[in-house]
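Chain identifiers are assigned alphabetically (A, B, ...) following the order of the sequence lines, protein sequences preceding nucleic acid strands; residue numbering begins at 1 within each chain. Since the model is a prediction, treat every value here as computed from it, not as a measurement.
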Protein chains: 2
Amino acid sequence: MTAAKLETTPTRNEIRRHKHLARRHENTDRIFRVEEGWACQYRLLPDGRRQIIALFLPGDYCEAQWVLTGHANWPVVALTDMFVTEIPFRDIRAHSGHEFDGMKSMLGSIMHTLKSHEKWIVNLGRMSATERICALLHDLVERLRPTGKVVSDHCPMPLTQYDLADIVGISSVHVNRVLQMLRGEGVISLEAGRLALLNPAELRRLGGPAHA
Amino acid sequence: MTAAKLETTPTRNEIRRHKHLARRHENTDRIFRVEEGWACQYRLLPDGRRQIIALFLPGDYCEAQWVLTGHANWPVVALTDMFVTEIPFRDIRAHSGHEFDGMKSMLGSIMHTLKSHEKWIVNLGRMSATERICALLHDLVERLRPTGKVVSDHCPMPLTQYDLADIVGISSVHVNRVLQMLRGEGVISLEAGRLALLNPAELRRLGGPAHA
DNA sequence: CGTTCTCTTGATGGGTCTCAATATGCGTGG
DNA sequence: CCACGCATATTGAGACCCATCAAGAGAACG
């Protein structure tokens with residue numbers, strides 16, 4: 001999900017935490033680009049279990065596939081206060097073939113989502129709780145790095161332990177214990193919404209073996 | 001992944017079980033359409049853990065996104081003896097805009113993959129072993145139904161218990177125990193590579209609560 | 001007709017969940 | 001400014017789901 005500039009000046013909107021950017025099966029004629037703040041797409045089961053499917057960070061296009069399907073499948077909610085720009089489909093189509101090719105950008109974003117999903121299927125299917133959390137933290141830092149929000153391995157991390165739990169598919173209590181362990185080992189520090197990688201190499205190692 | 005007919009007569013190839021249709025990072029100029037047999041895309045960790053990312057059944061396009069990226073990310077291997085047809089990219093592009101629109105078909109297949117991945121992230125993240133297996137079996141039958149291979153809730157099911165384990169992210173020993181339980185409850189029968197749904201309603205119920 | 005998969009079953013241990021209680025912080029309104 | 005409520009973080013105890021190890025029985029296959 002790469003940053004890109006449109007000729008038009010799309011509306012810049014403020015979104016409060018916990019407000020929905022999309023609801024289930026909602027039709028839409030625009031996509032969002034995240035300027036500030038974090039959002040996620042999730043699926044809620046009737047018995048209360050929640051699984052977060054995708055995270056949207058500054059610079060990300062939020063659900064580029066809407067431009068192909070015209071509707072949201074699953075809800076998207078702001079995890080923090082946010083600023084987003086709304087990009088109408090017609091603007092994207094109008095820019096197709098230009099230097100900044102709107103449609104090509106959207107396809108790139110979709111392919112990126114695809115790869116990200118594959119990775120998370122492997123993590124959820126075959127990795128331990130510790131591996132999942134380390135892989136997630138590592139991922140987050142690498143995704144934030146291009147935005148300039150990472151300074152000497154410190155960066156914002158506004159997710160609650162409940163959010164983390166619903167991303168990595170374990171209970172929030174166990175998330176807490178894993179984080180305690182990582183802190184105890186001197187791998188990370190995490191407080192007041194800020195994450196610091198104290199031992200990035202160890203974090204990567206704990207994140208599980210690389211692909212074969 | 002819908003069936004579709006091309007004007008050209010693409011080559012029909014026989015593929016033996018365990019033969020690779022694609023290897024990691026391999027470049028390609030064609031995609032496959034499965035005519036007979038089952039294949040899967042998987043990711044192998046250095047310590048031996050394997051996670052199957054996608055299943056390809058008769059009628060499926062195998063990795064339609066290759067037409068956009070030009071290369072395979074992860075290996076694809078035949079789980080049974082197969083027949084596939086190879087469709088060169090140029091044929092797909094040549095048919096774009098026609099009654100059968102090659103490119104549109106590929107995009108549809110990609111969107112289908114996306115939805116399938118989202119579903120499996122939820123299953124792997126938030127469902128119990130029994131729920132995962134029941135959901136998988138239910139899925140398989142529904143995907144086979146349009147091909148005419150399902151007769152009164154009986155259909156072929158050539159996956160080994162090792163394969164099933166690597167799809168649902170549990171150990172093969174536990175897959176065996178869950179299957180025993182399902183047989184004992186009279187929900188399914190599964191032998192000699194054939195699956196029968198003896199109590200589809202119960203299977204659906206065990207497959208976990210529907211989306212909210 | 002042995003070899004190799006595949007399936008099956010038991011025993012044991014560990015990773016993770018659930019429940020529950022307590023702390024801590026933070027925003028809101030009195 | 002303080003009191004209160006609510007969200008979040010922390011910690012313990014106990015239970016359970018599932019992994020791992022191991023061994024044996026069929027079944028498939030060259």
Show me the protein contacts with nucleotides 16-18 of chain D, counting only N or O atoms at under 3.5 Å.
residue: D/dC18; atom: OP1; partner: B/Ala129; partner atom: N; Å: 2.8
residue: D/dC18; atom: OP2; partner: B/His174; partner atom: NE2; Å: 3.4

Reported [atom1]-to-[atom2] distance for the pair [X] and [Y], which is rounded to 0.5 angstrom:
{"X": "A/Leu55", "Y": "A/Cys62", "atom1": "CG", "atom2": "SG", "value": "11.0 Å"}
{"X": "A/Leu44", "Y": "A/Arg49", "atom1": "CG", "atom2": "CZ", "value": "10.5 Å"}
{"X": "B/Arg132", "Y": "B/Leu137", "atom1": "CZ", "atom2": "CG", "value": "14.0 Å"}

Worksheet item: Taking it one step at a time, do A/Thr113 and A/His117 satisfy side chain to side chain contact (heavy atoms under 4.5 Å, CB included)?
Response: CA-CA 6 Å; A/Thr113 303; A/His117 280 182; 3.7 Å; yes

- [ ] Apply side chain to side chain donor-acceptor pair (under 3.5 Å) to A/Ser172 and list each qualifying residue two or more places apart in sequence or on a separate chain.
- [x]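 Side chain to side chain donor-acceptor pair (under 3.5 Å) list for A/Ser172, sorted by chain: empty.
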
Check: Over how many whole Å does the gap from A/Met181 atom CE to C/dG14 atom C1' extend?
Finding: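 Spelled out: CE on A/Met181 to C1' on C/dG14 is 15 Å.
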
From CG of A/Leu124 over to C1' of C/dT16, roughly how many Å is that when rounded to an integer?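 About 15 Å, once rounded to whole Å.
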
Per-pair distances, 0.1 Å, donor-acceptor, side chain in residues 157-170 of chain B, under 3.5 Å, sequence neighbours excluded:
residue: B/Thr160; atom: OG1; partner: B/Tyr162; partner atom: N; Å: 3.3
residue: B/Thr160; atom: OG1; partner: B/Asp163; partner atom: N; Å: 3.0
residue: B/Thr160; atom: OG1; partner: B/Asp163; partner atom: OD2; Å: 3.2
residue: B/Gln161; atom: OE1; partner: B/Asn176; partner atom: ND2; Å: 3.0
residue: B/Asp163; atom: OD1; partner: B/Arg50; partner atom: NH2; Å: 3.1
residue: B/Asp163; atom: OD2; partner: B/Thr160; partner atom: N; Å: 3.1
residue: B/Asp166; atom: OD1; partner: A/Arg126; partner atom: NH2; Å: 2.7
residue: B/Asp166; atom: OD2; partner: B/Arg50; partner atom: NE; Å: 2.6
residue: B/Asp166; atom: OD2; partner: B/Arg50; partner atom: NH2; Å: 2.9

How bent is the helix from C/dC1-D/dG30 to C/dG30-D/dC1, comparing axes over its five end pairs at each side, to the nearest 10°?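 Comparing the first five pairs with the last five, the axes sit 50° apart.
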
- Take B/Trp66 and B/Phe32 through the side chain to side chain contact (heavy atoms under 4.5 Å, CB included) test and state the conclusion after the steps. CA-CA 10 Å; B/Trp66 290 347; B/Phe32 299 100; 3.8 Å; yes

Nucleotide by nucleotide, nucleotides 6-15 of chain D touches protein heavy atoms under 4.0 Å in the pattern (B base, S sugar-phosphate only, - none) --SSBBBB--

Quiz item: In terms of the angle between their ring planes, are A/Trp74 and A/His25 parallel, tilted or perpendicular, with boundaries placed at 30° and 60°?
Solution: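 The rings of A/Trp74 and A/His25 sit tilted, inter-plane angle from 30° to 60°.
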
Can you list everything that forms a salt bridge (charged side-chain N to carboxylate O under 4.0 Å, His left out) with B/Asp29? Sequence neighbours excluded, please.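 For B/Asp29, no residue satisfies salt bridge (charged side-chain N to carboxylate O under 4.0 Å, His left out) once neighbours in sequence are set aside.
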
Let's go through A/Leu190 and A/Arg183 carefully: what are the C-alpha distance in whole Å and the side-chain angles of both, what is the deciding distance for side chain to side chain contact (heavy atoms under 4.5 Å, CB included) to 0.1 Å, and is it a yes or a no?
CA-CA 8 Å; A/Leu190 176 54; A/Arg183 281 191 271 243; 3.8 Å; yes

